[in-house]
Amino acid sequence: QNTRTPKLQLWQSKGVDVVRVLFTEAHATRAGVRDWVALDESIALAEQYGVKLIPSLEEHWGHCYGPEKTCAWYQGGYADPYPGSFNGFDDWATEVVTRYADSPAIMAWEIQNEPWTSCVHPLFVDILGRIKVADGTTPRSLGGNDSGGWSFLDENSNPDVTWVTVHGPYDSTTPITPFVQQRIDWAEQLGKPIYVGERGYRTCSDVAMADFYTQTMAASRDAGATGFLAWAFGWTDVADDCDLDFSPSSPTMDTFSGF
C-alpha cells in the first residue's frame, strides 16, 4: 500500500520540517529494471507539501538493502554491484544526486546511514567528491558519527563535508549526553553546522516519549545543534509498545511544531 501522500499530509499538519529518508538503489529498482516511480513521487510530494528531505544514499546495516558492509566494501568493494543492483555505489550516488539536484525538497545529502568500521576513509573521499560534482550547492554529510571506529574530527574536517551529524544514544533520558555534547563542540571547532540525525528513547509510555522529545529537542538547540531528527516514526506503530517508534497518533507528533 502506498502511504506516501497521507504521511506527507500528516507531517505538514504537525509542523514537521525535515524528514530523513533512505534513497538506496533498491528504491529505484523493481523486477530487475530501473524504476524511479517511488523516488520521483516522494520528491514531488515533498515539494507539494513543503517538507524537506535528507536522503541517505546507502545503508551500512544491510536489512533489505544489500549485505551489511565490511572493510573490504569501504576500501573499494563499493564500486562493485551487489546482487539485484545495476551499479556500484559510486555510480549510484552520481546517478541519484544528478537526478534530484535541482529539487527544492532536498535539504542535504548523506553518504550513508551510519557508516561503520575504521575503514571508511576511501569511501568518504570518493563519494563526497561525486556528490559535490553532481550537486555543488546542497549540503553534504557523512550520515553518522564515529561510533563505528573512525575519527569524527579527521573525517568531518574534509572540506567536502559541509554539515556534521551525530546519532544516538537511544537508552538515556539525559537531554544532552556527554557523547552528543562533545560532537557538538567538535563541530563548532570545525566551523560547521551539526544536526542530530537520530535520537530516540525506548519506553512503554507514549506520554513519556513525548516529554523526552520536548526536553531533548530544546536542549539540543540550546547546546548548538541546528536541527533534530527523531528516531523513529512508524506508520503502523502500536501505542505504548515499548520500542523506539512513535505512531501518527502518538503525542510525540505534537511536539515538533514548537521547534
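Keep in mind that the numbers below use all heavy atoms, side chains included, and drop hydrogens, waters and symmetry copies.
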Exercise for the section: On the 0 to 90° scale, with breaks at 30° and 60°, tag the Trp116-His60 ring pair as parallel, tilted or perpendicular. Expected result: tilted

Practice task
In plain terms, say whether Glu59 and Lys69 are close enough for a salt bridge, that is, a side-chain N and a carboxylate O under 4.0 Å apart.
Solution key: no

Fill in the blank from the handout: Note: Phe259 and Thr214 closest approach over all heavy atoms is CZ-O, 3.7 Å

Exercise for the section: Mind telling me whether Trp150 and Phe152 have parallel, tilted or perpendicular rings, with 30° and 60° as the class edges? Expected result: parallel

Problem - Lys/Arg cation over aromatic Tyr201: Arg199, 6.0 Å, 45° cone - result: no

Exercise for the section: Evaluate side chain to side chain contact (heavy atoms under 4.5 Å, CB included) for Thr70 paired with Thr117, printing each intermediate quantity in order. Expected result: CA-CA 7 Å; Thr70 64; Thr117 81; over 6 Å; no

Practice task
Given side chain to side chain contact (heavy atoms under 4.5 Å, CB included), test Asn113 with Arg20 step by step and report yes or no.
Solution key: CA-CA 10 Å; Asn113 177 49; Arg20 182 169 173 260; 2.7 Å; yes

Exercise for the section: Give the cluster check for Phe212 versus Phe179: same hydrophobic cluster or not, with ILVMFWY residues linked at side-chain heavy-atom distances below 4.5 Å. Expected result: yes

Problem - Side-chain donor-acceptor contact under 3.5 Å, Gln112 with Tyr78 - result: no

Exercise for the section: Step by step, work out the side chain to side chain contact (heavy atoms under 4.5 Å, CB included) result for Val51 and Asp17. Expected result: CA-CA 5 Å; Val51 176; Asp17 300 315; over 6 Å; no

Handout entry: Donor-acceptor side-chain pairing of Asp135 and Trp109 below 3.5 angstrom
Key = yes

Practice task
With the side chain counted from C-beta on, respond yes when His121 and Val125 share a heavy-atom pair under 4.5 Å apart, and no when they do not.
Solution key: yes

Exercise for the section: Return the minimal non-hydrogen interatomic distance between Ala219 and Pro175, and the atom names on each side. Expected result: CB-CB, 3.5 Å

Handout entry: Side-chain touch Thr165/Leu229, heavy atoms, less than 4.5 angstrom
Key = no

Exercise for the section: Ignoring hydrogens and angles, tell me if any N or O in the side chain of Ser13 forms a donor-acceptor pair with the backbone of Leu10 under 3.5 Å. Expected result: yes

Practice task
In sequence, state the C-alpha distance, the side-chain angles, and the governing distance for Leu244 and Tyr170, and then conclude on side chain to side chain contact (heavy atoms under 4.5 Å, CB included).
Solution key: CA-CA 8 Å; Leu244 289 164; Tyr170 309 93; 4.0 Å; yes

Handout entry: Modelled atom types, side-chain donor and acceptor of Asp254 and Thr252, under 3.5 Å
Key = no

Exercise for the section: Considering non-hydrogen atoms only, spot the tightest contact between Pro67 and Tyr82 and give its length. Expected result: CD-CG, 4.0 Å

Completion exercise
Tightest non-hydrogen contact, residues Ala210 and Thr255, listed as O-CG2, 3.7 Å

Handout entry: Nearest atoms (heavy-atom pairs only) where Lys192 meets Asn158
Key = NZ-O, 2.8 Å

Practice task
Take the angle between the ring planes of Phe246 and Phe256 and call it parallel below 30°, perpendicular above 60°, tilted in between.
Solution key: tilted

Handout entry: Donor-acceptor pair between Ser205 and Thr203 side chains, under 3.5 angstrom
Key = no

Practice task
Can you measure from CG (Leu190) to OG1 (Thr162) and round to the nearest 0.5 angstrom?
Solution key: 12.5 Å

Problem - Any donor-acceptor pair under 3.5 Å from Glu25 side chain to Asn87 backbone - result: yes

Practice task
Establish, from distance only, whether the side-chain atoms of Asp185 and Gln181 form a donor-acceptor pair under 3.5 Å.
Solution key: yes

Handout entry: Contact summary for Ser103 and Glu47, nearest pair of heavy atoms
Key = OG-OE2, 2.6 Å

